[in-house]
Amino acid sequence: MKLDNTDIKLLKLIQEDSRMTIKEMASALNLSTTPIFERLKKLEKHGVITQYVALLNPKKIHLKLTVFIHVSIIDHGKKAIDAFVEQIQGYPEVMECHHITGESDYLLKVVVEDIERYNEFVTNKLSTVPNVNHIRSSFSLSSPKYTTAFPIRED
């Protein structure tokens, strides 16, 4: 699907505030509500917009520790990789899972309450995954930049 400038402006608006009403979006883009509604539905249908969510402040819900975990696996066959990914997807502590290049095979972003919960996660969950060979952790000290908005160029 080719995005035009109006699609791009609309995507920027909803990335800033997905609670914005269609009427507010239409006003911001100098359009009526019908084309905005139709564009949103088209963007959803084509998988450009996959979900609308609320972003929470992890500290306000007692999740104070963010850890980036490099995981090396033993078996790189498709079946073993699929089993690893499926098990990782079942852990609510894992916020992101990236299949990467370099010294590790996967990079996980894990958010937990504290170091004790992290220890429980590694001991009772991650280290029990059959295909895991090596785990290396880096603890986030601060997050000077955090965004979920993708940069979208206007041509």
Side-chain angles (χ1 to χ4, degrees), residues 1-5 7-22 24-25 39-155:
M1 170 182 177
K2 177 120 171 81
L3 301 176
D4 64 20
N5 283 340
D7 291 329
I8 291 168
K9 289 175 184 174
L10 182 58
L11 290 171
K12 287 181 177 183
L13 283 175
I14 64 172
Q15 284 190 112
E16 290 173 20
D17 182 4
S18 66
R19 291 184 58 170
M20 184 179 276
T21 66
I22 290 176
E24 291 169 331
M25 291 179 218
R39 282 177 182 271
L40 286 172
K41 291 300 167 198
K42 179 181 75 170
L43 292 164
E44 291 168 1
K45 180 182 174 188
H46 285 89
V48 177
I49 298 172
T50 58
Q51 190 174 3
Y52 298 89
V53 298
L55 299 177
L56 307 180
N57 180 339
K59 289 177 179 45
K60 298 287 184 179
I61 55 173
H62 310 293
L63 298 173
K64 298 176 185 159
L65 185 63
T66 300
V67 187
F68 296 94
I69 307 171
H70 288 265
V71 179
S72 298
I73 59 174
I74 300 164
D75 184 352
H76 292 87
K78 180 171 176 19
K79 190 173 181 180
I81 287 174
D82 289 348
F84 170 82
V85 169
E86 184 176 341
Q87 193 159 357
I88 292 301
Q89 287 175 336
Y91 298 145
E93 301 90 344
V94 177
M95 304 302 294
E96 297 179 31
C97 174
H98 299 269
H99 195 183
I100 60 172
T101 62
E103 294 180 25
S104 306
D105 299 301
Y106 286 89
L107 177 64
L108 309 179
K109 178 181 177 183
V110 172
V111 180
V112 291
E113 292 176 18
D114 50 33
I115 195 72
E116 290 82 13
R117 296 299 176 281
Y118 175 70
N119 184 43
E120 288 174 15
F121 171 76
V122 170
T123 303
N124 300 327
K125 292 182 178 179
L126 189 56
S127 66
T128 66
V129 177
N131 199 21
V132 170
N133 183 41
H134 182 74
I135 299 167
R136 191 183 75 220
S137 303
S138 297
F139 296 90
S140 175
L141 300 176
S142 68
S143 299
K145 180 177 180 181
Y146 171 77
T147 183
T148 61
F150 290 105
I152 307 172
R153 281 189 346 188
E154 292 182 46
D155 293 329

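Values below: all heavy atoms of this structure, side chains included; hydrogens, waters and symmetry mates excluded.
- The 12-atom threshold is not exceeded at CE of Met95, counting heavy atoms of other residues, nucleotides or ligands nearer than 6.0 Å.
- Contact annotation: the side chain of Ile81 approaches that of His99 to within less than 4.5 Å [non-hydrogen atoms, C-beta and beyond].
- Environment of CD in Glu86: sparse, with no more than 12 heavy atoms of neighbouring residues, nucleotides or ligands closer than 6.0 Å.
- The closest donor-acceptor contact from the side chain of Ser127 to the backbone of Thr123 lies under 3.5 Å.
- Between Val122 and Val110, every side-chain heavy-atom pair lies at or beyond the 4.5 Å cut-off.
- Every salt bridge (charged side-chain N to carboxylate O under 4.0 Å, His left out) that Lys12 has, sequence neighbours left out, goes to Glu154.
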Show me the donor-acceptor pairs, under 3.5 Å and distance only, between side chains in residues 61-72 and residues at least two apart or in other chains.
residue	atom	partner	partner atom	Å
His70	ND1	Ser104	OG	3.2
His70	NE2	Arg136	NH2	3.3

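- In this structure, the separation between CD1 on Ile88 and CG on Asn131 is 10.5 Å, given to the nearest 0.5 Å.
- Between the side chain of Asp105 and the main chain of Ile73, a donor-acceptor pair closer than 3.5 Å is present.
- Expressed to the nearest 0.5 Å, how far CE of Met25 lies from NZ of Lys9 amounts to 15.5 Å.
- The line from CG of Leu11 to CG of Leu43 is 5.0 Å long, rounded to the nearest 0.5 Å.
- Considering only residues two or more places apart in sequence or on other chains, Lys78 meets the salt bridge (charged side-chain N to carboxylate O under 4.0 Å, His left out) condition with Asp82.
- For the salt bridge (charged side-chain N to carboxylate O under 4.0 Å, His left out) test, residues two or more places apart in sequence or in another chain that qualify with Asp4 are Arg39.
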Which pairs of donor and acceptor atoms, one on a side chain in residues 142-150, lie under 3.5 Å apart (sequence neighbours left out)?
residue	atom	partner	partner atom	Å
Thr147	OG1	Ala149	N	3.0

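- For Glu103, the CD atom counts as loosely surrounded, since its 6.0 Å shell holds 12 or fewer non-hydrogen atoms of other residues, nucleotides or ligands.
- The side-chain heavy atoms of Ile152 and Gln15, taken from C-beta on, include a pair separated by under 4.5 Å.
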Check: Do Arg117 and Glu93 pass the salt bridge (charged side-chain N to carboxylate O under 4.0 Å, His left out) test, and can you show the C-alpha distance, the side-chain angles, and the key distance before you say yes or no?
Finding: CA-CA 10 Å; Arg117 296 299 176 281; Glu93 301 90 344; over 6 Å; no
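- Of all the heavy atoms in Ser18 and Val53, the pair that sits closest is OG-O, 3.8 Å.
- Rounded to the nearest 0.5 Å, atoms OH (Tyr91) and CG (Asn124) are 9.5 Å apart.
- Residues that satisfy the salt bridge (charged side-chain N to carboxylate O under 4.0 Å, His left out) test with Glu44, not counting sequence neighbours, are Lys41.
- Here the side chains of Phe84 and Asp75 are not in contact, with every heavy-atom distance at 4.5 Å or above.
- Proximity of Met1 to Asp7: side-chain heavy atoms (C-beta onward) are separated by under 4.5 Å at one or more points.
- In this structure, Pro130 and Gln87 have side chains that are in contact, with non-hydrogen atoms separated by less than 4.5 Å.
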